[in-house]
Number of protein chains: 2
Amino acid sequence: MVLQRIGDKWTPLVFQVLKDGPQRFSAIRAAVQGVTPKVLTQTLRTLERDGLVSRTIFAEVPPRVEYGLTPLGQTLLGPLDAVRAWAEEHAGKILQSRQDYDDQAEASTAVVSK
Amino acid sequence: MVLQRIGDKWTPLVFQVLKDGPQRFSAIRAAVQGVTPKVLTQTLRTLERDGLVSRTIFAEVPPRVEYGLTPLGQTLLGPLDAVRAWAEEHAGKILQSRQDYDDQAEASTAVVSK
DNA sequence: CCGTATCCACCGAGATACTG
DNA sequence: CAGTATCTCGGTGGATACGG
């Protein structure tokens, strides 16, 4: 369950952005380039529902909303970083392995596909 | 990328099964109850492509195929376990948080939905 | 500024049946 | 035994446009 939560497309990026302190919606959106407002809202709401992220509304003009990691969310940073470290160390091997696998598959079907 | 790989529905379960040594297809299927052969094959193939799992065919009668973690796959066990430990420790809080969140949402819309 | 509304394409996953 | 072949469906994520 937890793996599926942190395994979704944007959650790990959001965590990365929030780990240094609370951020505004626009700031997160800018930091996580490529995310649409709808999806970012979805992601943040889900994390809020799970108690990993807090949402604070400031009654100002212009309106301001800040998202930050809750204490619970912060305890997730450790395990998350363990995986991140592993990923950075071994990403090359995985990519290489895929390349080899695909090349071989292509070679096996070369006659057919040609 | 790595998080999405290990965050899919069956991968973590497969890892759990293989961590104690290579297993046959049927054995994995039995251990990971609820998985269909098609999906299990998909999962294993993807892991094989990424170099995390090895596939060994024994030319016997009846045929036998064993899947096991590669050295690379084994290095993933550590980080994976860190997340698993976190999950087991905090799962209750997450569930509780969801409950609270949903209850409140329901209360807010009670009049409307009624 | 901070989102919501709507529509849609894609894909993971399941059910079922069949095969080397 | 160890898969493959089809078909189907629901839900995630994206594009675009609009609202409080």
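Order of the sequence lines fixes the chain letters, A, B, ..., with proteins taken first and strands second; residue numbering starts at 1 for each chain. Quantities reported herein were computed from a predicted structural model and do not represent experimental measurements.
- The distance between atom CD of B:Q23 and atom P of D:dC1, rounded to the nearest whole Å, is 15 Å.
- The CG atom of A:L3 sits 14.0 Å away from atom NZ of B:K9, with the distance rounded to the nearest 0.5 Å.
- Distances shown here put every side-chain N or O of B:R64 at or beyond 4.0 Å from the OP1 or OP2 atom of D:dG3.
- Rounded to an integer number of Å, the gap from OH of B:Y67 to C1' of D:dG3 is 8 Å.
- When distances are taken from the side chain of A:F25 to each of D:dG13, C:dC2, D:dG3, the shortest belongs to C:dC2.
- To the nearest angstrom, C1' of C:dG14 lies 12 Å from CZ of B:R29.
- Positionally, the nearest nucleotide of DNA chain C for A:R55 lies more toward the 5' end than for the other of B:K38 and A:R55.
- Of the candidate nucleotides D:dG3, C:dC2, C:dA13, C:dC2 has the atom lying nearest to any side-chain atom of A:V65.
- Atom CD in B:Q42 sits about 15 Å away from atom C1' in D:dA2, given to the nearest Å.
- If you measure from atom CD of A:E60 to atom C1' of C:dC1, you get 11 Å, rounded to the nearest angstrom.
- Here the closest heavy-atom approach between residue A:V2 and residue B:A87 is recorded as CG2-CB, 3.5 Å.
- Of all non-hydrogen atoms in A:L72 and B:I94, the two that sit nearest each other are CD2-CG1, 4.3 Å.
- In this structure, B:L44 places its CG atom 13 Å from P of C:dA13, rounding to the nearest Å.
- The B:T36 side chain lies nearest to C:dG14 when the options are D:dG14, C:dG14, D:dA2.
- The residue B:F58 sits apart from the nucleic acid: no heavy atom pair falls under 4.0 Å.
- With distances taken from any side-chain atom of A:R24 to the nucleotides C:dC1, D:dG3, C:dG14, the minimum falls on C:dC1.
- Listed for the A:S54 side chain is no donor-acceptor partner under 3.5 Å among the backbone atoms of A:T70.
- Along DNA chain D, the nucleotide closest to A:P63 and the one closest to B:P62 are compared, and the more 5′ of them pairs with B:P62.
- Among the nucleotides C:dG14, D:dG13, C:dG3, the one closest to any side-chain atom of B:W10 is C:dG14.
- For the pair B:E66 CD and D:dA2 P, the interatomic distance rounds to 9 Å; values are reported in whole Å.
- Remark: P of D:dT12 and CZ of A:R45 are 16 Å apart, rounded to the nearest angstrom.
- Within the 4.0 Å cut-off from OP1 or OP2 of C:dG12, not a single side-chain nitrogen or oxygen of B:R5 is found.
- Checked by atom type and distance alone, the side chain of A:T43 never pairs as donor or acceptor with a backbone atom of A:T11 at under 3.5 Å.
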